[in-house]
Amino acid sequence: MKKKDLTSMKEDKIELQETTISSKHVFDGTLLQVYVDDVKLPDGSHSTRDWIKHPGASAVVPVFRDGSIMLLKQFRYPPRKLFLEVPAGKIDAGETPKTTALRELEEESGLSCKNLEQVGSLFPAIGYADEEIFVYVGWDLDESNKQTDDDEFLINHKLHFSDALKMIESGEIKDGKTICALTQTYFWWKKHKPFPIDF
């Protein structure tokens, strides 16, 4: 991005800023906190914003030496569908995003990695939540013990990185964080090349 474009973004943020006047905590869940805020809009008028406070999450794309990756099959209750996803999970209190990434990789996929690099981040639901997901790529993988939560049921699904990208193109991979994580990892890998992959 050019320097003047960054300047424009800063100026536009000031021009478009919404200011919180009051905030009411309306739901206290195990994972999510729901608020209803009264806000002042850029033109001086008022509106209401319903939003969810989320602790944040980390996602990992584990890459094997043969160019394959490990995804997970998981049933997601809200859409009532089975999804193919990268290992991921929420950041627990006191954790860094990197610590969460390493923990979730091991717990969900039964893998650990000697190398882990952040490749980006994303906000998956900017219209109603403040959640940020930090995206990592891990390689030099070892098998460890899967330690999923009692209410978590996952099936490992290993496939070549290039096939996963094709599944994004065809619409077979529909999970937003997985699409972003694979895409960000692909661009990072093309630039840094820890080892060659035939995409």
Side-chain angles (χ1 to χ4, degrees), residues 23-37 48-63 68-113 118-138 143-159 161 163-186:
S23 184
K24 184 178 180 183
H25 189 191
V26 297
F27 177 75
D28 182 13
T30 305
L31 171 63
L32 307 174
Q33 307 299 312
V34 182
Y35 293 82
V36 178
D37 290 6
T48 301
R49 298 285 183 252
D50 300 341
W51 67 282
I52 295 168
K53 185 171 183 58
H54 189 285
S58 292
V60 191
V61 180
V63 182
S68 61
I69 62 173
M70 185 68 78
L71 298 181
L72 306 168
K73 291 179 182 177
Q74 185 172 12
F75 182 83
R76 292 295 190 172
Y77 183 79
R80 286 15 176 226
K81 292 181 183 296
L82 186 69
F83 288 89
L84 199 55
E85 307 176 36
V86 291
K90 77 174 181 67
I91 299 171
D92 287 342
E95 281 188 331
T96 64
K98 187 172 186 177
T99 301
T100 302
L102 290 168
R103 176 178 56 76
E104 289 292 342
L105 176 64
E106 188 166 356
E107 287 179 0
E108 293 196 340
S109 71
L111 296 171
S112 62
C113 64
Q118 186 176 352
V119 300
S121 70
L122 63 127
F123 289 86
I126 57 174
Y128 58 86
D130 69 349
E131 180 185 10
E132 182 174 10
I133 300 176
F134 299 88
V135 179
Y136 292 85
V137 58
E143 289 189 19
S144 60
N145 291 321
K146 222 175 185 181
Q147 298 174 351
T148 55
D149 295 335
D150 291 339
D151 63 349
E152 196 171 35
F153 299 89
L154 307 165
I155 298 173
N156 285 18
H157 185 77
K158 190 175 179 182
L159 72 168
F161 205 142
D163 291 329
L165 294 173
K166 288 173 188 172
M167 291 176 77
I168 292 174
E169 184 180 14
S170 69
E172 292 173 86
I173 291 179
K174 296 180 180 293
D175 172 52
K177 74 176 177 302
T178 299
I179 293 169
C180 289
L182 292 175
T183 304
Q184 288 179 340
T185 299
Y186 167 77

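Residue numbers start at 1 and run along the sequence shown. Because the structure is predicted, anything quoted here is derived from the model rather than measured.
In the displayed structure, I155 atom CD1 is contacted under 6.0 Å by at most 12 heavy atoms of other residues, nucleotides or ligands. Enclosure of atom OH in Y128 is not indicated, since only 12 or fewer non-hydrogen atoms of other residues, nucleotides or ligands lie within 6.0 angstrom. Summarising the local packing, CG of L159 is surrounded by more than 12 heavy atoms from other residues, nucleotides or ligands at distances under 6.0 Å.
Of the candidates K174, K177, K73, E85 forms a salt bridge (charged side-chain N to carboxylate O under 4.0 Å, His left out) with just one, namely K177. A side-chain contact (heavy atoms from CB on, under 4.5 Å) with R103 is found for exactly one of D92, I91, V60, namely D92.
Of all heavy-atom pairs spanning P97 and S58, the tightest one is O-OG, 2.7 Å. Between Y136 and T185, the shortest heavy-atom distance links the atoms O-OG1, 4.4 Å. Taking both residues in full, the closest heavy atoms of V86 and V61 are given as CG1-CG2, 3.9 Å, listed atom of the first, atom of the second, then distance. The shortest heavy-atom contact between E108 and L72 is OE1-CD1, 3.4 Å. The heavy-atom pair separating F161 from Y186 by the smallest distance is CZ-N, 3.9 Å. Nearest heavy atom pair, residue P55 against residue L31, reads CD-O, 3.8 Å.
Between C113 and L105 the shortest side-chain heavy-atom distance falls below 4.5 Å. Between E132 and L122, every side-chain heavy-atom pair lies at or beyond the 4.5 Å cut-off.
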Side chain to side chain contact (heavy atoms under 4.5 Å, CB included) between V34 and D50: does it pass, once the steps are laid out?
-> CA-CA 7 Å; V34 182; D50 300 341; 5.7 Å; no
Full working for side chain to side chain contact (heavy atoms under 4.5 Å, CB included) between E143 and L111 | CA-CA 5 Å; E143 289 189 19; L111 296 171; 4.2 Å; yes
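Side chain of Q118 to main chain of K98: no donor-acceptor pair is present (N/O by atom type, distance under 3.5 Å, no hydrogens or angles). A donor-acceptor pair under 3.5 Å is absent between the side-chain atoms of E172 and the main chain of I168, judged by distance alone. Under the 3.5 Å distance criterion, the side-chain polar atoms of S23 are left unmatched by any main-chain donor or acceptor of D37. For D130 (side chain) and H54 (main-chain N/O), a donor-acceptor pair under 3.5 Å exists by modelled atom type.
Here NE2 of H25 is found 10.0 Å from NZ of K53. Values are rounded to the nearest 0.5 Å. Annotation: the span from T96 atom OG1 to L102 atom CG amounts to 8.0 Å, rounded to 0.5 Å. Taken to the nearest 0.5 Å, the CD atom of E131 stands 9.5 Å off from the CZ atom of F123. In this structure, the separation between CG on D175 and CD on Q74 is 9.0 Å, given to the nearest 0.5 Å. Atom CD of Q184 sits about 10.0 Å away from atom CD1 of I133, to the nearest 0.5 Å. Here E104 contributes atom CD and T99 contributes atom OG1; the two are 11.5 Å apart, rounded to the nearest 0.5 Å.
With sequence neighbours excluded, no residue satisfies ring-ring contact (aromatic ring centres under 6.0 Å, His included) with F134.
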